[in-house]
Amino acid sequence: MNAPAPTIRPIQQLPDQLISQIAAGEVVERPSAVVKELLENALDAGSTTITIRLEEGGVKRIAITDNGRGIAPEQLPLALSRHATSKIASLSDLENVGTLGFRGEALASIASVASVRVTSRTADAAHAFEIVGSHEGVVAPSSGACGTTIDVQDLYFNTPARRKFLKSEQTEYAHCAEVVRRIALSRPDVAFSLSHNGRTIDHWNVSEAAKRSAHILGNDFAEARLALDEAAGPLHLHGYVGLPTASKARADGQFFYVNGRFVRDKVLVHAVKAAYQDVLHGDRFPAYVLSLDLDPALVDVNVHPSKTEVRFRDSRAVHQFVFHAVQRTLAQTSATAHGSVPGPMTAAEVRPSGTPLWQLSQSPSQPQQRPHEQTSFGAQLTQTFSPSPYAAGSRWDDAATGGGVAQRLESYGALFASDAASSSSGTASSPALMPVPVPMTAADKPLSNDDFPLGFALAQLHGIYILAQNTRGLVLVDMHAAHERILYEQIKNALDAQAQGQEMQVQALLIPVTFYADAMEVATVHEHADTLATLGFDIAALSPTTLAVRSVPTLLKNADAQTLARDVLRDVREFGGSRVLIERRNELLGTLACHTAVRANRILSQPEMNALLRQMESTERADQCNHGRPTWVQLEISALDKLFLRGQ
């Protein structure tokens with residue numbers, strides 16, 4: 001179908017009313033846009049209490065009352081005029097905007113598509129004044145407290161075509177409520193009250209940022225967040241980032257503010273996403289509330305009429321600062337980091353399953369396995385974590401009951417022998433693989449979370465979980481997920497060290513592992529030999545259909561060489577040689593770590609389990625694997641007491 005021919009008219013000056021209605025198409029997209037503009041004006045006026053009243057999703061009525069500075073009666077007509085503002089007066093002001101609103105179009109645009117009444121009173125006025133309709137309205141005396149009330153009714157009454165595009169009442173209200181939540185989240189120093197159709201929906205008193213974010217985003221976020229507060233030069237980032245284990249299926253828990261203004265900026269979103277890259281599955285979205293404060297001259301907020309997009313003068317510097325600040329905060333998610341321990345399970349969350357808790361694969365009363373009795377896998381893990389055997393005569397303290405773990409610490413002293421002891425025994429190992437030495441004494445002392453937050457291993461459950469006891473109660477560890485994170489961080493550190501000039505530690509295979517390969521795998525070996533060498537692999541083509549693995553990274557020496565080589569070749573081929581080490585490095589490291597991490601249904605000795613716990617305590621981001629799953633949870637003694645009705 002052909003479009004109708006345009007009507008030919010001479011060039012003419014548009015009337016002010018039509019100009020305002022055109023501007024309203026940009027500014028007043030829906031009722032929530034009106035709420036946003038009016039709330040920003042209220043905050044710019046220095047308000048500490050704001051009340052929002054909505055009717056029929058904001059279409060019938062939006063009334064916002066504040067206790068700000070108010071508007072003098074002689075300036076009320078100007079408030080409804082186009083391009084009239086008290087916030088900028090020169091180009092210099094425009095380049096250093098420090099307020100939320102500044103265009104001077106909002107009220108005029110709103111008044112062009114709705115019925116507007118502005119009532120305001122300044123502190124030095126005997127009473128309030130009001131103006132109705134537009135800037136041509138008459139200013140008349142009125143009643144009211146200090147501050148301003150803007151009452152917007154019958155939105156789009158004179159532009160019915162625009163009104164047809166509005167959604168249902170509930171949908172429009174939801175958009176309005178979301179705007180109020182965003183702004184209230186950024187200003188905990190201001191009290192907000194929201195009502196709809198005469199019923200109060202939300203009320204937030206003046207509070208601190210922690211309490212306001214918990215009130216608005218809920219306890220799930222409050223119990224799984226990390227505080228962030230970093231500054232560098234003119235940049236200051238503060239707020240909260242959610243733990244990877246509290247990620248969401250949608251990006252509806254992400255709030256970023258620049259100088260108090262809620263924004264959706266690609267640079268900032270990408271920086272945060274990149275910081276979560278190696279602790280969160282790609283299909284999940286982190287939750288966060290972050291505020292970036294900087295010199296207004298370094299950011300242009302006049303990019304879009306809705307002011308949700310900004311442009312930084314040095315976007316690369318901002319990206320790097322935000323990325324590293326969030327990454328450093330997430331790196332604190334280890335067992336020894338304050339405030340990052342996974343939330344304790346409550347009694348209501350614990351339900352006895354068909355298998356009784358006491359049916360464990362290993363009991364503390366069972367004799368310890370001797371080194372020669374360990375399975376081949378057990379020997380591998382022992383070699384990986386380099387624990388020494390128990391000292392002669394070590395035992396569980398039968399008297400350790402009641403107040404916390406009173407196990408004899410000397411029982412674990414031998415697990416963390418010095419490097420010299422390891423060398424003398426002829427079992428030298430890579431320093432990166434050694435558990436962090438822990439000072440031990442022969443004297444008994446109460447165990448504290450500062451000493452061993454994950455406690456000491458009791459047993460292994462179904463070959464999957466490690467059960468440990470600490471001062472707070474019972475700790476359950478997913479051994480595969482935990483070991484995977486440890487290896488992931490070790491491989492990543494090895495690659496980072498290599499980038500700084502240190503050599504990658506490789507393990508030459510006494511007998512090369514040969515396997516059949518297709519033409520694409522052979523071609524990948526030839527084409528990306530340098531990348532493979534950087535990763536610590538020496539893979540050679542013996543024939544057009546045979547590959548041989550001659551060396552692997554020392555950290556992965558216990559993995560299945562053939563399977564590992566095939567997966568590495570696949571990733572290198574899929575993502576490209578140089579790109580796999582830059583953009584897709586985390587995925588590749590995850591592949592390497594997963595191949596070497598302990599598998600389910602593997603029986604570990606007690607020294608091996610405790611070595612794993614100690615290594616978790618010294619590993620960054622150890623609270624979750626690189627897919628975002630939790631590696632351990634805490635079950636409090638109080639929750640256990642409730643299960644068995646103790647004290648009731």
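- At a cut-off of 3.5 Å, with distance as the only test, no side-chain donor of D265 or H270 sits close to an acceptor on the other residue.
- With hydrogens and angles disregarded, a donor-acceptor distance shorter than 3.5 Å links the side chain of E617 to the backbone of L454.
- D641 is linked by a salt bridge (Lys or Arg N to Asp or Glu O under 4.0 Å) to R646, counting only residues two or more places apart in sequence or in another chain.
- No side-chain heavy atom of V572 sits under 4.5 Å from any side-chain heavy atom of E527.
- Residues V299 and V318 fail the side-chain proximity criterion, which asks for heavy atoms closer than 4.5 Å.
- Considering CG of L290 and CG of L237, their distance stands at 5.0 Å, rounded to 0.5 Å.
- Remark: the backbone N or O of V513 is not paired with any side-chain donor or acceptor of Q562 at under 3.5 angstrom.
- Interatomic distance, CD1 of I603 versus CD of Q460, reported as 4.5 Å (0.5 Å rounding).
- Proximity of a side-chain donor or acceptor of N259 to a complementary backbone N or O of L294 within less than 3.5 Å is detected.
- Between E230 and F321, the shortest heavy-atom distance links the atoms O-CZ, 3.5 Å.
- A561 approaches L509 most closely through the heavy-atom pair CB-CD1, 4.4 Å.
- The shortest heavy-atom contact between G242 and L330 is O-CD2, 4.2 Å.
- Remark: side-chain polar atoms of T619 are not paired, donor with acceptor, to backbone N or O of I486 under 3.5 angstrom.
- Side chain of Y257 to main chain of V289: no donor-acceptor pair is present (N/O by atom type, distance under 3.5 Å, no hydrogens or angles).
- A donor-acceptor pair under 3.5 Å is absent between the side-chain atoms of T524 and the main chain of R573, judged by distance alone.
- Between Y240 and A227, the closest heavy-atom pair is CD2-CA, 3.7 Å.
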Applying side chain to side chain contact (heavy atoms under 4.5 Å, CB included) to L640 and I637, what does each step give before you reach the verdict? CA-CA 5 Å; L640 291 172; I637 284 291; 4.3 Å; yes

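- With contacts defined as side-chain heavy-atom distances shorter than 4.5 Å, the pair P234/L298 qualifies.
- Atoms CG and CZ, on L226 and R328 in that order, are 14.0 Å from each other to the nearest 0.5 Å.
- Looking at heavy atoms from C-beta onward, L535 lies out of side-chain contact with I491 at the 4.5 angstrom threshold.
- Shortest non-hydrogen contact noted between Q507 and T554 is N-OG1, 3.7 Å.
- In terms of the side-chain hydrogen bond (donor to acceptor under 3.5 Å, both in side chains) criterion, residue partners of R181 (sequence neighbours excluded) are, by chain and number, E178.
- In this structure, R621 contributes its side chain and R485 its backbone to no donor-acceptor pair below 3.5 Å.
- Note that CE of M616 is 4.0 Å distant from OG1 of T631, once rounded to the nearest 0.5 Å.
- A 4.5 Å side-chain heavy-atom check between S291 and H238 finds at least one atom pair inside the cut-off.
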How far apart are the C-alpha atoms of V272 and F256, what are their side-chain angles, what is the distance that settles it, and do they pass the side chain to side chain contact (heavy atoms under 4.5 Å, CB included) test? CA-CA 10 Å; V272 177; F256 212 119; 3.9 Å; yes

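- Rounding to the nearest 0.5 Å gives a distance of 10.5 Å between OH of Y488 and CG of N493.
- With a 4.5 Å cut-off on side-chain heavy atoms, F537 and S551 do not count as touching.
- Side-chain contact between Q615 and Q490 is present, with heavy atoms from C-beta onward closer than 4.5 Å.
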Output, in order, the C-alpha distance, side-chain angles, deciding distance and verdict of side chain to side chain contact (heavy atoms under 4.5 Å, CB included) for F255 and I216. CA-CA 12 Å; F255 300 85; I216 293 179; 5.9 Å; no

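- Under a 3.5 Å cut-off, the side chain of Q606 and the backbone N or O of A457 do form a donor-acceptor pair.
- For the pair V263/L268, a side-chain contact is recorded, criterion being any heavy-atom separation below 4.5 Å from C-beta on.
- A side-chain donor-acceptor contact under 3.5 Å links D623 and W632.
- Annotation for A481 and P630: closest pair CB-O, 4.4 Å, computed over non-hydrogen atoms.
- A 6.0 Å sphere centred on CG of D220 holds no more than 12 heavy atoms belonging to other residues, nucleotides or ligands.
- With hydrogens and angles ignored, the 3.5 Å screen pairs a side-chain donor or acceptor of R225 with a backbone N or O of A210.
- The structure places CD of Q624 at 11.0 Å from CZ of R629, a figure rounded to the nearest 0.5 Å.
- Other residues, nucleotides and ligands place more than 12 heavy atoms under 6.0 Å from the CG atom of D252.
- Side chain of Q254 to main chain of P286: a donor-acceptor pair is present (N/O by atom type, distance under 3.5 Å, no hydrogens or angles).
- Residue-environment remark: CZ (F221) exceeds the threshold of 12 foreign heavy atoms within 6.0 Å.
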Go through the steps to decide whether V326 and Y276 satisfy the test side chain to side chain contact (heavy atoms under 4.5 Å, CB included), and finish with yes or no. CA-CA 8 Å; V326 176; Y276 274 91; 4.1 Å; yes

